[in-house]
Amino acid sequence: MGETLTYKILREHLVEGDLKAGSEIGIRIDQTLTQDATGTTAFLLLEAMGIPRVRTEVSVSYVDHNMSQFGPENHNDHLYLQSIATKFGAYHSRPGNGICHQVHLERFGRPGRTLLGSDSHTPTGGGIGMIAIGAGGLDVAVAMGGGAFYTTCPRVLGVELRGKLRPWVAAKDIILRLLSVLTTRGNVGCVVEYFGPGVRSLPVPARATCTNMGAELGVTTSIFPSDAKTREFLVAQGRGGQFAALAADDDAKYDRIVKKLHAENDAAVIANIRRWCADVTVGAPDSAGMAEVSFGRIVIDLDKLEPLAAAPSSPDQIVPVAAQKGMKVDQVLIGSCTNSSYQDLMLCARVLKGRHVHPGVELGIAPGSRQVLAMLAENGALADFVRAGARIIESACGPCIGQGFSPADGAVTLRTFNRNFAGRTGTKGDRCYLVSPETAVAAALTGQFTDPRRLTKKFGIACPRVAMPKKFLLDDEMLQPPLPPKKALGAEIVRGATIVKPPSGEKLPATLRGRVILKVGDKITTDHIMPAGTFLKHRSNVPVYAKYVFHCFNEEGAPTFAERALAVKAAGQAGVIVAGDSYGQGSSREHAALCPMYLGVRAVLARTIERIHQANLVNFAICPLTFADPADYARVDADDELLVEGLGAAISSAETVVVRDVTKGFEFPCRLQLAPRQRKILAAGGLLNYTRDGGR
Ligand code: MIC
Ligand code: SF4
């Protein structure tokens with residue numbers, strides 16, 4: 001039987017385990033990337049492991065997130081990263097050089113290689129045929145040191161693309177369509193693999209938009225084949241020699257995906273599955289209304305796609321742009337690692353050339369890289385933007401991570417980004433829609449939600465065709481190469497006062513006596529747990545950053561989560577967080593585990609936990625437990641005292657533990673769904689201790 005592309009690359013990199021979906025595997029990592037908001041911790045942990053030099057083929061440290069430089073913290077981080085990265089044998093992409101995923105695609109991405117990045121959008125590299133996975137900084141530090149990356153061998157979900165996108169319909173609409181089918185829930189342990197004749201028409205940046213936002217599906221990664229379009233891109237980047245043709249076998253068999261969905265509440269999702277998937281079966285709902293839905297693969301006829309948007313406040317709230325027609329738009333932002341390529345921005349520049357932004361709209365443009373920005377500057381497109389009234393933002397994450405451009409109260413903001421979690425823009429109650437550059441630029445011109453296809457019908461604007469440049473502007477001056485080993489020996493590490501050694505984990509107690517500090521609902525993202533925006537600058541200082549854990553749930557005048565947690569810790573009890581489905585969605589930020597650990601949290605009790613976050617919890621010795629019966633979630637409340645006898649022993653092999661709610665006087669079973677290596681890490685008191693003890 002033929003093999004998927006995913007398994008071909010995994011097989012080549014397998015160092016431990018069997019390629020059997022659901023079992024734990026260890027894979028060799030060829031390349032790593034870190035960014036400044038996660039990278040300082042990653043490098044501090046690398047130092048703590050006593051590893052003097054990276055052992056990968058390529059490791060790159062990017063600076064792109066914390067760029068506002070209010071106070072000394074950001075610049076301290078930049079200088080630390082510059083000094084440690086080059087000393088330890090990594091490339092350093094200086095601030096101003098662009099967003100890590102865009103730059104990595106341009107300058108380092110290689111078909112068939114593995115990439116591990118301390119950022120959840122690392123799967124962007126799948127657009128060039130890599131197995132590119134997001135992980136916590138500690139996992140990336142281990143990989144930089146030459147260690148394998150351990151993960152669950154995935155099920156591979158096939159997405160067959162047919163036909164060709166029509167004018168004004170974009171790659172963003174493909175991934176938004178996928179989000180309407182798969183949602184952000186219940187896809188842990190899958191890889192999305194694109195195939196079919198429709199792939200051929202999509203250039204690498206369009207593919208990268210799809211794989212980038214695969215992160216929002218919660219899958220391990222997404223991947224496209226490497227073909228003539230990949231070669232074209234690599235040649236234009238001056239790296240034609242790195243091309244390799246890669247594809248699944250013609251008779252490759254994709255996995256069936258089985259999901260439990262609520263027959264009534266998820267009726268729209270089930271309808272989408274019926275419409276867009278092959279071989280669908282929908283079981284009868286059980287007593288709780290949950291039905292088993294299974295399907296073979298997703299089939300998207302690109303000709304049939306229409307412009308879509310993700311409505312507030314989740315990337316899977318998908319609506320047709322046409323249905324929003326007439327809604328006033330106050331702000332349009334074009335950029336982020338999802339849609340800031342040369343082609344994306346050229347399309348917008350051509351539409352805006354000789355025209356003006358609607359007076360009711362603020363338009364911001366953030367080119368994804370210095371390469372993109374320099375090319376726009378040289379060919380005059382930048383001037384077209386400026387003359388149209390756009391505000392030019394530097395090549396960085398910027399507004400995507402709440403660094404400026406927060407919208408006014410009640411304002412509608414359209415962004416070409418990948419996340420619209422509530423409050424991520426920096427404004428409480430924000431109304432943020434995620435759209436393609438085509439839809440964004442249409443709104444910038446008209447001042448309202450406008451199906452971009454109407455630009456042709458109503459305004460006579462033809463959809464610009466932006467071809468792949470024959471040669472991109474190549475200038476790697478802002479990419480500092482690693483110092484040669486001899487020079488590196490004497491090089492100094494610049495360590496500002498705001499860079500504080502992160503705490504390491506402790507072993508779990510034999511019996512856990514805990515207290516529920518907070519109970520939260522479904523789809524709690526790492527932005528809820530550890531806010532970014534103005535708090536982002538404290539990433540290198542855990543004691544300070546920890547003050548803001550669950551900041552969005554703190555109430556004025558009442559003790560904060562941090563204060564309550566520290567009181568519980570002082571009383572000799574373990575802190576426990578209780579959550580619903582999909583706990584820890586979104587980013588890879590390990591601070592969402594590291595800071596709660598610092599405050600004494602020792603267990604998370606949830607209905608389901610997302611992949612990267614679960615790994616981060618384990619890495620920092622917080623025990624991830626899931627309710628064996630999801631109905632028990634409703635019975636446990638904040639402030640309840642919990643007792644888990646024998647937890648310390650159970651983590652080595654038990655599948656379930658019994659949790660006693662001492663306050664209410666009842667017991668309930670919880671699952672310990674851990675891979676064998678995760679059990680060892682937990683038993684050692686976290687990954688740092690495990691590695692120091694010689695664990696692999
Ligand atoms: C994000 O998009 O949320 C981030 C900021 O890039 C994060 C990483 C971080 O929190 O530093 C991510 O996606 O992993
Ligand atoms: Fe940066 Fe936004 Fe991409 Fe995260 S999603 S890496 S914040 S641009």
Side-chain angles (χ1 to χ4, degrees), residues 33-42 61-68 74 77 81 93 95 98-105 116-125 132-140 175 184 208-209 211-216 218 221 315 333-341 344 364 366-369 372 393-405 415-421 423-426 432 434 525-533 535-540 545 548 584-595 610-613 615-616:
L33 73 76
T34 49
Q35 41 89 341
D36 53 310
T38 55
T40 46
T41 311
S61 144
Y62 292 91
V63 177
D64 54 2
H65 279 64
N66 258 320
M67 307 268 289
S68 326
N74 298 169
D77 286 351
L81 287 172
S93 177
I99 305 174
C100 54
H101 309 302
Q102 175 68 25
V103 179
H104 206 86
L105 195 70
L116 192 72
S118 62
D119 191 284
S120 64
H121 290 104
T122 303
T124 311
I133 303 177
L138 190 43
D139 282 321
V140 178
I175 184 64
T184 57
T209 295
T211 54
N212 169 284
M213 245 189 124
E216 276 48 71
T221 191
L333 298 178
I334 300 174
S336 93
C337 56
T338 318
N339 277 119
S340 58
S341 67
D344 283 338
S369 67
V372 174
I393 312 170
E394 70 175 319
S395 290
C397 299
C400 180
I401 194 57
Q403 305 284 300
F405 280 77
R415 301 175 170 213
T416 65
F417 306 173
N418 48 37
R419 290 190 172 140
N420 59 348
F421 302 146
R424 187 170 156 106
T425 62
C432 176
L434 306 175
T525 71
T526 53
D527 281 74
H528 290 111
I529 307 170
M530 254 359 290
F535 306 107
L536 193 64
K537 69 175 187 176
H538 300 303
R539 281 287 173 89
S540 307
Y545 198 31
Y548 306 105
Q585 271 191 12
S587 83
S588 68
R589 65 190 68 151
E590 61 198 336
H591 294 78
L594 180 53
C595 292
E610 292 296 309
R611 173 187 70 89
I612 304 181
H613 189 59
N616 283 336

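Both counts, for ligands and for their atoms, begin at 1 and track the order of listing.
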Nearest non-hydrogen protein atom, [atom]:
{"atom": "atom 2 (O) of ligand 1", "result": "R424 NH2, 2.9 Å"}
{"atom": "atom 2 (Fe) of ligand 2", "result": "C400 SG, 2.3 Å"}
{"atom": "atom 13 (O) of ligand 1", "result": "S120 OG, 2.6 Å"}
{"atom": "atom 8 (C) of ligand 1", "result": "Q35 NE2, 3.2 Å"}
{"atom": "atom 1 (Fe) of ligand 2", "result": "C397 SG, 2.3 Å"}

- Answer yes or no for M530: is there a heavy-atom contact with ligand 1 below 4.0 Å? no
Heavy-atom check, side chain of [X] versus side chain of [Y], under 4.5 Å:
{"X": "T525", "Y": "R419", "result": "no"}
{"X": "R539", "Y": "M530", "result": "no"}
{"X": "V372", "Y": "S340", "result": "no"}
{"X": "T425", "Y": "P399", "result": "no"}

Please identify which atoms of ligand 1 are closer than 4.0 Å to at least one heavy atom of [X].
{"X": "H121", "value": "13 (O)"}
{"X": "S588", "value": "12 (C), 14 (O)"}
{"X": "R419", "value": "1 (C), 2 (O), 3 (O), 12 (C), 13 (O)"}
{"X": "T38", "value": "9 (C), 11 (O)"}
{"X": "A37", "value": "11 (O)"}
{"X": "S587", "value": "3 (O), 7 (C), 10 (O), 12 (C), 13 (O), 14 (O)"}

- Query: Backbone or side chain, does H121 get an N/O/S atom under 2.8 Å to atom 1 (Fe) of ligand 2?
  - Reply: no
- Message: At under 4.0 Å between heavy atoms, is it the side chain or the backbone of D119 that contacts ligand 2, or both, or neither?
- Response: side chain
- ligand 2 versus N418, non-hydrogen atoms closer than 4.0 Å: side chain, backbone, both, neither? side chain
- Message: I want to know if ligand 1 touches S118 in the polar sense, i.e. an N/O pair below 3.5 angstrom.
- Response: no
- Query: Who gets closest to atom 11 (O) of ligand 1 by heavy atom: H591, R539, H65, R589?
  - Reply: R539
- If you compare D119, T122, T338 by their heavy atoms, the one closest to atom 6 (O) of ligand 1 turns out to be D119
Can you name the atoms of ligand 2, numbered from 1 with element, that are less than 4.0 Å from a heavy atom of [X]?
{"X": "I401", "answer": "7 (S)"}
{"X": "C337", "answer": "3 (Fe), 5 (S), 6 (S), 8 (S)"}
{"X": "H65", "answer": "1 (Fe), 4 (Fe), 6 (S), 7 (S)"}
{"X": "H101", "answer": "6 (S)"}

- Quick one: pull up OG in S369 and OH in Y62 and give me the separation to the nearest 0.5 Å. 10.5 Å
- Item | Rounded distance (nearest 0.5 Å) linking atom NE2 of H121 with atom CD of Q102 | 14.0 Å
Kindly give the heavy-atom pair with the smallest separation between [X] and [Y], and that separation in Å.
{"X": "T416", "Y": "N339", "result": "O-OD1, 3.3 Å"}
{"X": "D139", "Y": "A135", "result": "CB-CB, 3.9 Å"}
{"X": "H65", "Y": "I401", "result": "O-CG2, 4.2 Å"}
{"X": "T184", "Y": "E216", "result": "CG2-O, 3.1 Å"}

- Task: Would you check, one step at a time, whether the test salt bridge (charged side-chain N to carboxylate O under 4.0 Å, His left out) holds for D77 with K537?
- Result: CA-CA 9 Å; D77 286 351; K537 69 175 187 176; over 6 Å; no
- Task: Would you please classify the geometry between the Y548 ring and the H538 ring as parallel, tilted or perpendicular, with 30° and 60° separating the classes?
- Result: parallel
- Query: Could you go step by step and tell me if I334 and D344 meet the side-chain contact (heavy atoms from CB on, under 4.5 Å) rule?
  - Reply: CA-CA 9 Å; I334 300 174; D344 283 338; 5.8 Å; no
